[in-house]
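See below for the structure under consideration.
So that the names make sense, note that chain A is the first sequence line, chain B the second, and so on, each numbered from 1. As the structure is a computational prediction, the values presented were derived from the model and not from experiment.
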Number of protein chains: 2
Amino acid sequence: MAQVQRMSRLMLKTLRDDPADAETLSHKLLVRAGYVRRNAAGIWSWLPLGKKVLENVARVVREEMDAIGAQEVLLPALLPKEPYEATGRWEEYGAELFRLQDRKGADYLLGPTHEEIFTQLVKDQCTSYKDLPVILYQIQTKYRDEARPRSGILRGREFQMKDSYSFDTTDEGLAESYRLHREAYVRIFERLGLRHKVVSAVSGAMGGSASEEFLAPAAAGEDTFVYCPACDYAANTEAVTFAGGESADGSAHGPVEELDTPDTPTIETLADHLGVPASTTLKNLLVKVDGEIVAVGVPGDREVDLGKLEDHLAPAVVEMVTAEDFVGRPDLVRGYVGPQGLEKVRYIADPRVAPGTAWITGANKQDKHARNVVCGRDFQVDDYLDVVVVEEGDPCPKCGTGLMLDRAIEIGHIFQLGRKYTDAFQLDVLGQNGKPVRVTMGSYGIGVSRAVAALAEQTADDKGLCWPREIAPADVHVVAAGKALQTELALEISEKLREAGLRVLVDDRAGVSPGVKFTDAELIGVPKILVAGRRSGEGVVELKDRRTGEREELTVEEAVARLTAAAE
Amino acid sequence: MAQVQRMSRLMLKTLRDDPADAETLSHKLLVRAGYVRRNAAGIWSWLPLGKKVLENVARVVREEMDAIGAQEVLLPALLPKEPYEATGRWEEYGAELFRLQDRKGADYLLGPTHEEIFTQLVKDQCTSYKDLPVILYQIQTKYRDEARPRSGILRGREFQMKDSYSFDTTDEGLAESYRLHREAYVRIFERLGLRHKVVSAVSGAMGGSASEEFLAPAAAGEDTFVYCPACDYAANTEAVTFAGGESADGSAHGPVEELDTPDTPTIETLADHLGVPASTTLKNLLVKVDGEIVAVGVPGDREVDLGKLEDHLAPAVVEMVTAEDFVGRPDLVRGYVGPQGLEKVRYIADPRVAPGTAWITGANKQDKHARNVVCGRDFQVDDYLDVVVVEEGDPCPKCGTGLMLDRAIEIGHIFQLGRKYTDAFQLDVLGQNGKPVRVTMGSYGIGVSRAVAALAEQTADDKGLCWPREIAPADVHVVAAGKALQTELALEISEKLREAGLRVLVDDRAGVSPGVKFTDAELIGVPKILVAGRRSGEGVVELKDRRTGEREELTVEEAVARLTAAAE
């Protein structure tokens, strides 16, 4: 049974002012309430209260992982280069990977995620289909050399993560391991009291259920996602798929007509010059795909999402064109490109550029545009790809209602990897028919330290942190208002609560004013605050709910009974 | 409550043969029983059973640290260079420190131990004597780039350690924090079931209680220590202090007599030539101390322990002399040095070279020695320092009984650091009198992963591992001998045991022979093995004690009652 934590002996220094470098609410409050301290950019210490909260989150994660039959292991954080070289990630990770050498000059890295090492482990341990399926997990310190570590513990360079990996012999098995994780994650975030959305992380083209993110909506979030206010659709903005524009009757349009549009190399200048909405124009972006010039057409009022374009065309490399690429290409008139003149260039268009729609676009002549350029009549689309930046009000792909945009913190990610890693390490087991079967794999992560920050973001108010009970550093915060009698009563009640199985933090500090103690209690954010104050002599205390601020006077016995009952 | 762990679903591959590179018992058995796997030299993965054992050790450590009022925190493992530069340890650690740079070229290290960071933390958090004393601890991954990582997890490059640090305003406070740790460590190792000795780690000259090691006697140990079979004295061999030789009446000896001793530059050749025991000769070793030549005299049958000499003379640097040092020094005749002719050289001697004792030693002339060279009459000792390698049979400094030598694994170390680190960071707090007080500090470590190996070393037998109950991966290992009925009964009993609060591992594997299951059960080393075998139909099972091998047939009810009672 835990001991009563006396604040007179707790290493805790609360701050009245926000740290100068803090931008997000969780960063400010976790530092001010003495939960964490910064050691270097993106590198943090967890102080006594913070360590308790971190451990509480880890415990919930552990219990729910155990409940789906996952087995806990602990792999090293310092890893040899070779397995990451085998999969190409030693290079691919770029500057985000912490690399080092040992005294003999051998290359090592600090693990950002452990797919390679788990694949090797299972290859060593499992030889038959009877050994599978298996789900392994660890709660471990991970390393990523972020270019801009920020937002306190939300985006650190050293952080705590639960990563798990599933190994199955069949696609159905992988789908089942994925489903188990998805359900466990929902239970975990519900127990943590984290409001969250499960969103598709990749576009439908790659298989809708192959990867989903768990996002915690919060103003401090670095991810943007869309959701439908009418149905259950939600997605990472890069994963939104546009159902396709409506085809129109192209024959209704007049013939192509050339317009004199001097000095209108951009959509804005063009729309201005012609006095038409940008949405009636067709913007054609030139990019190089594996070195070859490709044009991408989207309505003039939309932006191309290069991330989405890259995802669609991967593993091809997408680059922007430069002035040199126009040399010797009289067919490409910079700023005045139109698809009707691009016989030799592959043309990718957004589905909104539907057959039969008519556009104002470049005339492929300097200072000239063309009107009534009709898709299907005057130009052909080689590939329809959804490559525009999603905007609020875009139609929901499921029900057509206007989508909403929100910011969120990514707190979990589940991924059906398939055979990428098992191919790299030739991980086969003997199948039921006696022949080798290539194993298929899933990988699943929860940011444990990040979940603490996300929870702080979602639950804090203007007075300070405000933890759900299961995650709070204590069940109850007993405050002794200051006089000897009050301190005596506070310690006596604390002992009673401890005996009843509660985790108790008691502010028994001498020489600290009641006002400072109340302010600290609200800043620290334990869900129930019990004050031994004015009426301590009569055995009457005040019980306050941290969230609602509701308070009532109770006898000691009533207060203990109330708190104990709430714990069950 | 934990679930029943079914071996049919456990990732576990036991091995019949010892791994080729394993030398120590714990290395062989922990690998064979599937507790750990090697990823690189000195870098290990903890598999499901191993993780449980590691966690059990960590839990015991945590509980006893909490019981002395220590506060758990979690500091980073990736640390900036600057604090370690401030104390000189960035350089001093040499090749043992893993160093790396981030993407901006800033220097970092992987923490081998955290004195600097904790000192900085306390400087940030504590400002008044009222904030002290404080004891902080963490259970964390540590890194040391060992020159020769070996013995499995006994000496790894990445390992789990509990490190704690105490901060006090007075020497008495530090002594008290040290005492609390010493007592907590004894309780921890007793609960872990680790036989151990607490030994002085530094010689009495530096303060007898300033540093002690906790050693677990084991053949695989890399430390040698001495202990007295008659009293409670025990010490690291480098810390043994010799009480001092007995002074003799020097006047009884005849005058110094020169001996012709051609070709006898070593003690062996000299003793041989003269036909006397080496113990009657005086060996004089020349060394350079901060560049100045110093002679060290010890009886001819003893070896100089350079480590002890360095400890005595620190921070002075001790080097061996080379041929060049004799150039221009006709007073130093190599191989024939005697203290009676060394007026210009500082002479350090072992206490055995007591006043009044007479020796055969060099005559400071080529091929000449001298007899009846009497200490105090013919030469003076500038400093008496105990600098010889301790040998079995040397007298106990406390009671004079002949000491015994043994090998052991260092599992803990407690250290009164004093103000070395607080001076480096100018860590003062406001004292009771309103003036700043320099804080004094202790540091204390337990090798958590190493304790697992030490425990395996001490408890294993020729059949395999053999854990104490509190540390074992389960309380009971239920074996289903193979038939459907037996498996059914085994699972039924397992469920009953689980409901009674026991941690159960059940071998329900199909297609594995009873012989293999029994061998695996003994290898894995859970303390109680319950077999659902031949008489399962009658509801009779066999309960076996892993350590004693005692077995008895019991009804299921009796077996459950017996195991449950043993757990209380």
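Chain A forms more heavy-atom pairs under 4.5 Å with one residue of B:V134, B:L74, B:L100, B:L97 than with any other, namely B:L74. Contact count against chain B (heavy-atom pairs under 4.5 Å) is highest for A:L10 among A:L79, A:T141, A:L10, A:V122. Ranked by heavy-atom pairs under 4.5 Å with chain A, the list B:I117, B:L136, B:D131, B:L49 is led by B:L136.
Interatomic distance, CZ of B:R9 versus CD of A:Q71, reported as 10.5 Å (0.5 Å rounding). The line from CZ of B:F98 to CG of A:L110 is 9.5 Å long, rounded to the nearest 0.5 Å. Taken from CG in A:N39 to CG in B:L78, the straight-line distance is 10.0 Å, to the nearest 0.5 Å.
Counting all heavy atoms, side chain and backbone alike, B:P48 lies closest to A:V73 at CD-CG1, 3.5 Å. A pairwise comparison of heavy atoms in B:R37 and A:D124 identifies NE-OD2, 3.0 Å as the closest pair. Residues A:Y108 and B:R157 share a closest heavy-atom pair of OH-NH2, 2.6 Å. Shortest non-hydrogen contact noted between B:E158 and A:P76 is OE2-CA, 3.0 Å.
Both the backbone and the side chain of B:A95 come within less than 4.5 Å of a heavy atom in chain A. Using a 4.5 Å cut-off between heavy atoms, A:A77 touches chain B through backbone and side chain atoms alike.
Contact annotation: the side chain of B:L121 approaches that of A:L47 to within less than 4.5 Å [non-hydrogen atoms, C-beta and beyond]. Taking 4.5 Å as the limit, every side-chain heavy atom of A:M11 sits out of range of all side-chain heavy atoms of B:F167.
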**Asked** Going through the distances and angles, do B:E96 and A:R103 end up as a side-chain contact (heavy atoms from CB on, under 4.5 Å)?
**Response** CA-CA 8 Å; B:E96 209 171 280; A:R103 60 161 74 211; 4.2 Å; yes
